[in-house]
Amino acid sequence: MSVTLPRHASCRHPCPCYKHHPKLGSTAMTVRTRFAPSPTGLLHIGGARTALFNYLFARHHGGEFLLRIEDTDRERSTAAATQVILDGLAWLGLKTDAPPVFQSTRQVRHAEVAHQMLAAGRAFKCFLTAAELDGLREQARAAGRGMRIDSPWRDRDPAEAPTGAPFAIRLRAPREGETVVDDLVQGQVRVANAELDDMIILRSDGSPTYQHAVVVDDHDMGITHVIRGDDHFTNTFRQVQVYAAMGWEMPRFGHVPLIHGADGAKLSKRHGAQSVTDFRDMGYLPEALCNYLLRLGWGHGDAEILSREQAIALFDIDGVGRAPSRMDYAKLAHVNGVWIRAADNERLTDEVLHFLADRPGLALGPDAAGRIRALMPQLKERAKTLVELADAASFLVHPLPLPMAPKATALLSAENRLMLREVAAALATTDFSPAALDTTLRAYGERTGRKLGTVAQPLRAALTGSTTSPGIEAVLVALGRDEALVRIEAAVA
RNA sequence: GACCCCUUCGUCUAGUGGUUAGGACACCAGCCUUUCACGCUGGUAACACGGGUUCGAGCCCCGUAGGGGUCGCCA
């Protein structure tokens, strides 16, 4: 099954590039990848990374990226759940090259292939009942042979079965030898066929099992590279046997290690955020999440901050590591901060308005956007998430009286309130430009023998209700003269 | 339990037999400064352990330990 591929000098693994594929030549084959989630109601962060890797791999090689919804379990699958995946991929900016394929629509084809295998003797009818199955599993466990079971119907005449008895179709897997997978990430791995049992490909109700459907669909969709989570690795050996049984050409496999929680344990509910929706709501930018996810499990020298274009140019499967990695929220926050600073002010203003819209007690009037936009260049320098950005901007759109932080209240002493009256007077006749304001404030400080900080901090408290904010001149400009004077007046009253 | 995979600073990683083991995040110190950030400078910090092979091993081999995955008529 394995094809020996040449190596790039820079590739750790046999190069999967179609350009170097000995059998396919430079034009015969286009790279085609797919992301195949089951619609369970959320787009998992691990799934998001898998989708990203598939997308980048396809783009890097000039190929296609497809989506297949594995909705054969109709109890868990809903249109809403599918929409969550579609929305998530759209938010991440992972565009597919074709409409999604719904696995549930392909059951006839899956059954057809199963029956072809039956007719060819590569599969057999198994009449085992659930109770018999349990007994065999119990035996297998007792014998210390793992959980694999052997169906007696592999070598029994189906005619011996009770007439009309329901049956499942099992793959007639080889008993001798071994099955080899030449994985793009994990390397060459082999398993003795004696370890693999005859998996069911078609259930007794005629529906296909996942293991069978994936193979049929990947083959029919012309998938050349199956890049997926490492949790599918063991399954691959049985899937490979289906390809072999049908005489189909094998895709290349690349199993990406899983993402663990910050504590190193498997990602689960108790780890909180797992869905890309959660990350969006926590104020992460899609390009930042993608950038972070890209670097989780993949590396290319010292590259850290990468745009989508750069990622496409640099990404290849040989840069994917083999060890699982942990979620690191501190680093995610840092990366997000970098992308926030790089983001367009107008876009960030819209985002902040969106986050602020959910908060009570704010005055999101006609001048709200203008104030936020005016201060955005300074605001975005000090935020790591859009939530923080919204927090830092909220004072701009808060009606009077301003909520006062204790430290801010402390700054508004009687003495400082007298000072602020003088400052307000100076401000009343100052042009509201950063340079002019700076000059005025410094001049006032010099005239009254005060250090700039002792002037700026009380002013900051009066204007923002806080002791931290962007530069005071920028705050004044964003608020505008009228609002600034009103706020000072309110603070000194 | 069986089978499979993994193991470089706390975290993400670079490293393909000869390196002062590099970068990033976090952390610490300093600079900048009207606050908070940003930025800049410097610092602490890693080859899981034990055997081999080799003149020489983070890199190759074998064990051990730890972690993970899979064993369904779920996907």
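All heavy atoms count here, side chains included; hydrogens, waters and symmetry mates do not.
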State whether [X] places a side-chain N or O below 4.0 Å from either non-bridging phosphate oxygen (OP1 or OP2) of [N].
{"X": "A:R49", "N": "B:C12", "result": "no"}
{"X": "A:K380", "N": "B:A37", "result": "no"}
{"X": "A:T72", "N": "B:A75", "result": "yes"}
{"X": "A:R326", "N": "B:U13", "result": "no"}
{"X": "A:S325", "N": "B:U13", "result": "yes"}
{"X": "A:R341", "N": "B:G39", "result": "yes"}

Counting the atoms with a prime plus P, OP1 and OP2 as sugar-phosphate, which does [X] contact under 4.0 Å by heavy atoms, base, sugar-phosphate, or nothing?
{"X": "A:P166", "value": "nothing"}
{"X": "A:L441", "value": "nothing"}
{"X": "A:L296", "value": "sugar-phosphate"}
{"X": "A:Q378", "value": "nothing"}
{"X": "A:G471", "value": "base"}
{"X": "A:E70", "value": "sugar-phosphate"}
{"X": "A:K407", "value": "nothing"}
{"X": "A:L196", "value": "nothing"}

Among the candidates [options], find the nucleotide nearest to the side-chain atoms of [X].
{"X": "A:K331", "options": "B:C4, B:C25, B:U35", "result": "B:C25"}
{"X": "A:D302", "options": "B:A24, B:G22, B:U34", "result": "B:G22"}
{"X": "A:R295", "options": "B:C73, B:C71, B:G23", "result": "B:G23"}
{"X": "A:L452", "options": "B:G23, B:U34, B:C73", "result": "B:U34"}
{"X": "A:V191", "options": "B:A26, B:C3, B:C25", "result": "B:C3"}
{"X": "A:Q103", "options": "B:C73, B:A75, B:C6", "result": "B:A75"}
{"X": "A:E195", "options": "B:A75, B:A2, B:C73", "result": "B:A2"}
{"X": "A:Q457", "options": "B:C6, B:U35, B:C73", "result": "B:U35"}
{"X": "A:T209", "options": "B:C25, B:A75, B:C71", "result": "B:A75"}
{"X": "A:R382", "options": "B:A26, B:C36, B:U34", "result": "B:C36"}

Any strand counts, and the cut-off is 3.5 Å on both contacts for Watson-Crick or G-U wobble. Which nucleotide pairs with [N]?
{"N": "B:G63", "answer": "B:C49"}
{"N": "B:G39", "answer": "B:C31"}
{"N": "B:A57", "answer": "none"}

Could you tell me whether [X] and [Y] make a salt bridge, using a distance below 4.0 angstrom between a side-chain N and a carboxylate O?
{"X": "A:R34", "Y": "A:D218", "answer": "yes"}
{"X": "A:E415", "Y": "A:R417", "answer": "no"}
{"X": "A:E388", "Y": "A:K380", "answer": "no"}
{"X": "A:R175", "Y": "A:D150", "answer": "yes"}
{"X": "A:R308", "Y": "A:E287", "answer": "no"}

Suppose you measure atom [atom1] in [N] against the same atom in [M]; what distance do you get, rounded to whole Å?
{"N": "B:A75", "M": "B:U13", "atom1": "C1'", "result": "32 Å"}
{"N": "B:A21", "M": "B:G58", "atom1": "C1'", "result": "8 Å"}
{"N": "B:C62", "M": "B:G68", "atom1": "C1'", "result": "22 Å"}
{"N": "B:C40", "M": "B:G52", "atom1": "P", "result": "48 Å"}
{"N": "B:C31", "M": "B:G67", "atom1": "C1'", "result": "43 Å"}
{"N": "B:C25", "M": "B:U44", "atom1": "C1'", "result": "15 Å"}
{"N": "B:C5", "M": "B:C9", "atom1": "C1'", "result": "24 Å"}
{"N": "B:U8", "M": "B:C47", "atom1": "P", "result": "11 Å"}

Roughly, in whole Å, what's the span from [atom1] in [X] to [atom2] in [N]?
{"X": "A:H110", "N": "B:A75", "atom1": "NE2", "atom2": "P", "result": "11 Å"}
{"X": "A:W298", "N": "B:C12", "atom1": "CH2", "atom2": "P", "result": "17 Å"}
{"X": "A:F233", "N": "B:C6", "atom1": "CZ", "atom2": "P", "result": "9 Å"}
{"X": "A:H260", "N": "B:C12", "atom1": "NE2", "atom2": "P", "result": "10 Å"}
{"X": "A:E381", "N": "B:U35", "atom1": "CD", "atom2": "P", "result": "16 Å"}
{"X": "A:L67", "N": "B:A75", "atom1": "CG", "atom2": "P", "result": "18 Å"}
{"X": "A:L389", "N": "B:C38", "atom1": "CG", "atom2": "C1'", "result": "14 Å"}
{"X": "A:I305", "N": "B:C25", "atom1": "CD1", "atom2": "P", "result": "8 Å"}

Polar pair under 3.5 Å, donor/acceptor by atom type, side chain [X], base [N]:
{"X": "A:R460", "N": "B:U34", "answer": "yes"}
{"X": "A:R322", "N": "B:C6", "answer": "no"}
{"X": "A:S204", "N": "B:C73", "answer": "yes"}

Heavy atoms only: give me the nearest A:N193-A:E176 pair and the separation to one decimal.
ND2-O, 2.6 Å
Name all pairs fulfilling the side-chain hydrogen bond (donor to acceptor under 3.5 Å, both in side chains) condition that reach into residues 435-446 of chain A, sequence neighbours left out, sorted by first residue then second.
A:E422-A:Y444, A:T430-A:T440, A:D438-A:R442, A:Y444-A:R450
For [X] and [Y], indicate whether the former's side chain and the latter's backbone hold a donor-acceptor pair under 3.5 Å.
{"X": "A:R109", "Y": "A:E112", "value": "no"}
{"X": "A:Q211", "Y": "A:I201", "value": "no"}
{"X": "A:R371", "Y": "A:L396", "value": "yes"}
{"X": "A:E132", "Y": "A:T129", "value": "yes"}

Between protein and nucleic acid, restricted to nucleotides 60-62 of chain B and to nitrogen or oxygen atoms under 3.5 Å apart, what atom pairs and distances do you find?
none

Residue whose nearest RNA chain B nucleotide is more 5′ - A:T454 or A:G299:
A:G299
Relative to the 5' end of RNA chain B, which residue comes earlier, A:Y210 or A:D230, by the nucleotide with the nearest heavy atom?
A:D230
Are A:R49 and A:F53 side-chain neighbours, meaning at least one heavy-atom pair lies under 4.5 Å?
yes
